[in-house]
Amino acid sequence: MDQYNDAVQHPNTAFSDASLKTAKIAVNGMGLPVALGGGFALTYSATASGKKYAIRCFHKEAKGLESRYGDVAKALKGLSAPYFIGFEYQPTGVMVNGAKYPIVKMDWVEGDTLGSYLEDNYKDKAKLTWLAGEFDRLEQFLRSKNIAHGDLQNGNVLVGNDVKLIDYDGLYVPAMARGQGTELGHKHFQHPKRTSADFGPDMDRFSFIVIDLSLRALMHDPKLFDKHSNGENIILTANDFLDPVKSTAFADLKAIPSLATQAENLAKICLSDISKVPSLDDFRNGRNIPNIILATQPVSQTRGAAAASYIGAFDVVDGASYTAMLAQVGNKIELVGRITRVHAAKTKYGRPYCFIFFNESKQGVRVNIWSDGLKKLASAPTESWVGAWLSVQGLVDPPYTSTRYGTSLSITITSNSQLRKITATEAKHRLASPKGSAAVPYRQVGNQAILASIAPGKTPTSLTATPSISSNTASTSSRNKAILASITPQSAPAQTTGYRLSTQRANPATSPTTWQPSKQPSPTMQSQSKKTGFPWWLFVIGFFVLMVILAR
């Protein structure tokens, strides 16, 4: 992520697209580029010649990316429906460390993400009714064209005058081979048994059912949103799909008389093979529902039992651990921590901002909320929050060093749905979740595997060194590299952040390989290695001493 951040700060040399060479990249309160994270790419906001674009830079390798986007472009060309936005795949769109990498340049569309829209309108029955109708029409259109998005969820649907889909990395169109998926979608919207072999025109069926039932439930009882929403779902989660019989959320859905049958039918679908998922129309009309018998044990009788392992959308990281956060730079995570301090102030330009601290050592962990983010919150954090436990979901920014706070790692808040207060019991439950419980595309193989592979005094054999200075920029030293160089060895050697994992995968069948721009060692690194090598002249002296001893 730091390498891409360095590159896009110099658009004239970074981008090959003529219109992007004069682009202005959106930055945060510290002057660093704002990047939004997804399963495979970082997305930057760029303004050029009065027009706004979303620039997607890939940090995970997806097989056949260029041919996939070519198939998508051909399939979407000429479609009269408003559900897709204009894009251009550029195989050599960005230069990083002297090498060219692909980008997707997308038109910027104003609107709220589905998650943000629901945050603001979950009590408005008329808007929910309209939204459910939009999803109904979207489902019918995609089904009629044999197209499937593959990752319908809060962050991939924009709601404005209509609904639009973004992020086409996992899109299926008829020209593609079935059963060769590169991602599995967001856990809170996917069937628990989905695999890459399910890639095809029917893979959105479960997501449409979950979204439709959730919206109709909110029309009847808006309080379900406050009770069950965690920022990454609507009402139901992956835990509910795995065990719907013991799920409180399913019990609440069944308590709505008009939706009781549909809630029970969805439970049956969750416990059946994914091939048994019906179309949305069949689901609403009770057709083609799997014929299984659900257990009848009331949920209330199971609440005293040990809670099942927490399944989040992303890896859960302890806010008290700088080292654990460092391993996730560039990844989207769920940060769980106890607040130690809240600092609210104004920038030198008079704009309010707020920092929430979980770890105030010289290597700290915090949440950044700049003025735009504060506007999105229902209430601004205050000192009264100290001692409370927080769940924060977002992208981990590269380390940042200041004279006041030392070196810190952070997540930047851009929407209200990213931040949730939770109980100490729930925090403990989430922090105890098994490593890698998140959906494969979102559990990204990051620097943790790299750091773990480096033993003191041993050169890693499976890693490739990268330059410490971007060759496509005029600056003599990257600000982020300087930050990384200030990190003390107790957490991780600074130079280890300059390596990439070349082949390791969390799951060879489905998980994307970690992919960071990489080249040969820089002159700086080479000169350092020469300085630390054994002086050649000592060999000469030793040889002559040995000859004298033998002669005697």
Side-chain angles (χ1 to χ4, degrees), residues 1-38 40-62 65-66 69 86-108 329-330 395 397-401 412 464-486 494-495 497-500 514-528:
M1 181 179 178
D2 60 317
Q3 294 174 12
Y4 275 127
N5 280 356
D6 288 345
V8 301
Q9 290 177 77
H10 305 271
N12 185 51
T13 52
F15 297 118
S16 59
D17 186 296
S19 64
L20 295 181
K21 286 183 175 294
T22 58
K24 183 177 180 181
I25 305 297
V27 298
N28 61 24
M30 293 181 287
L32 296 176
V34 176
L36 303 178
F40 291 89
L42 301 170
T43 301
Y44 297 94
S45 171
T47 302
S49 302
K51 190 173 181 180
K52 199 170 182 180
Y53 301 97
I55 308 299
R56 291 173 54 77
C57 299
F58 296 90
H59 61 98
K60 296 287 182 294
E61 184 179 15
L65 192 67
E66 184 170 1
Y69 265 97
F87 73 90
E88 180 183 351
Y89 178 85
Q90 300 178 2
T92 57
V94 64
M95 171 112 43
V96 182
N97 292 338
K100 294 182 178 181
Y101 296 91
I103 65 171
V104 173
K105 174 186 173 185
M106 305 191 79
D107 294 338
W108 188 273
V329 169
L395 194 74
D397 297 322
Y400 186 83
T401 297
T412 299
T464 305
T466 63
S468 59
I469 301 175
S470 298
S471 59
N472 64 313
T473 67
S475 63
T476 57
S477 177
S478 150
R479 77 177 75 178
N480 294 320
K481 292 299 181 184
I483 293 167
L484 295 175
S486 69
Q495 65 269 26
T497 57
Y499 291 91
R500 70 177 174 92
T514 298
W515 184 37
Q516 295 178 352
S518 174
K519 295 289 285 183
Q520 298 301 314
S522 67
T524 301
M525 294 176 66
Q526 292 174 344
S527 62
Q528 288 173 345

| request: Check whether any side-chain heavy atom of Leu395 sits under 4.5 Å from a side-chain heavy atom of Leu42, and report yes or no. | output: yes

| request: Provide the closest heavy-atom pair for Gln9 versus Gly31 in the form atom of the first, atom of the second, distance. | output: OE1-O, 4.4 Å

| request: Would you name the heavy atoms of Pro398 and Asn5 that are closest together and state the gap between them? | output: CG-ND2, 3.7 Å

| query | Can you name the ring-ring contact (aromatic ring centres under 6.0 Å, His included) partners of Tyr53, sequence neighbours left out? | reply | none

| Just wondering, do Val34 and Thr412 contact through their side chains at under 4.5 Å, heavy atoms? | no

| request: Assert yes or no for the condition that the ring centre distance of Tyr4 to Tyr101 is strictly below 6.0 Å. | output: no

| Spacing of Ile55 atom CD1 and Leu20 atom CG [to the nearest 0.5 Å] | 4.5 Å

| said: Quick one, Leu65 and Tyr89 - any side-chain contact, counting heavy atoms below 4.5 Å? | reply: yes

| task | Would you list the pairs meeting side-chain hydrogen bond (donor to acceptor under 3.5 Å, both in side chains) in which at least one residue belongs to residues 18-36, sequence neighbours left out? | result | Asp17-Ser19, Ser19-Lys105

| query | Looking at side-chain heavy atoms only, is the closest gap between Met95 and Ser16 below 4.5 Å? | reply | no

| Which word best sums up how the rings of Phe87 and Tyr69 line up, parallel for under 30°, tilted for 30 to 60°, or perpendicular for over 60°? | perpendicular

| field | Flag if over 12 foreign heavy atoms under 6.0 Å of NZ, Lys52 | value | yes

| query | How far apart are the closest heavy atoms of Ala7 and Val96, and which atoms are they? | reply | CB-CG2, 4.0 Å

| Closest non-hydrogen atom pair between Pro102 and Phe58, with its separation | O-CD1, 3.7 Å

| remark: Residues passing the side-chain contact (heavy atoms from CB on, under 4.5 Å) test with Pro11, sequence neighbours excluded, are Phe15

| said: As an exercise, state the distance from NE2 of His10 to CD1 of Ile25, rounded to the nearest 0.5 Å. | reply: 11.5 Å

| request: For residues Thr43 and Ala54, report the shortest heavy-atom separation together with the two atoms involved. | output: CG2-CB, 3.9 Å

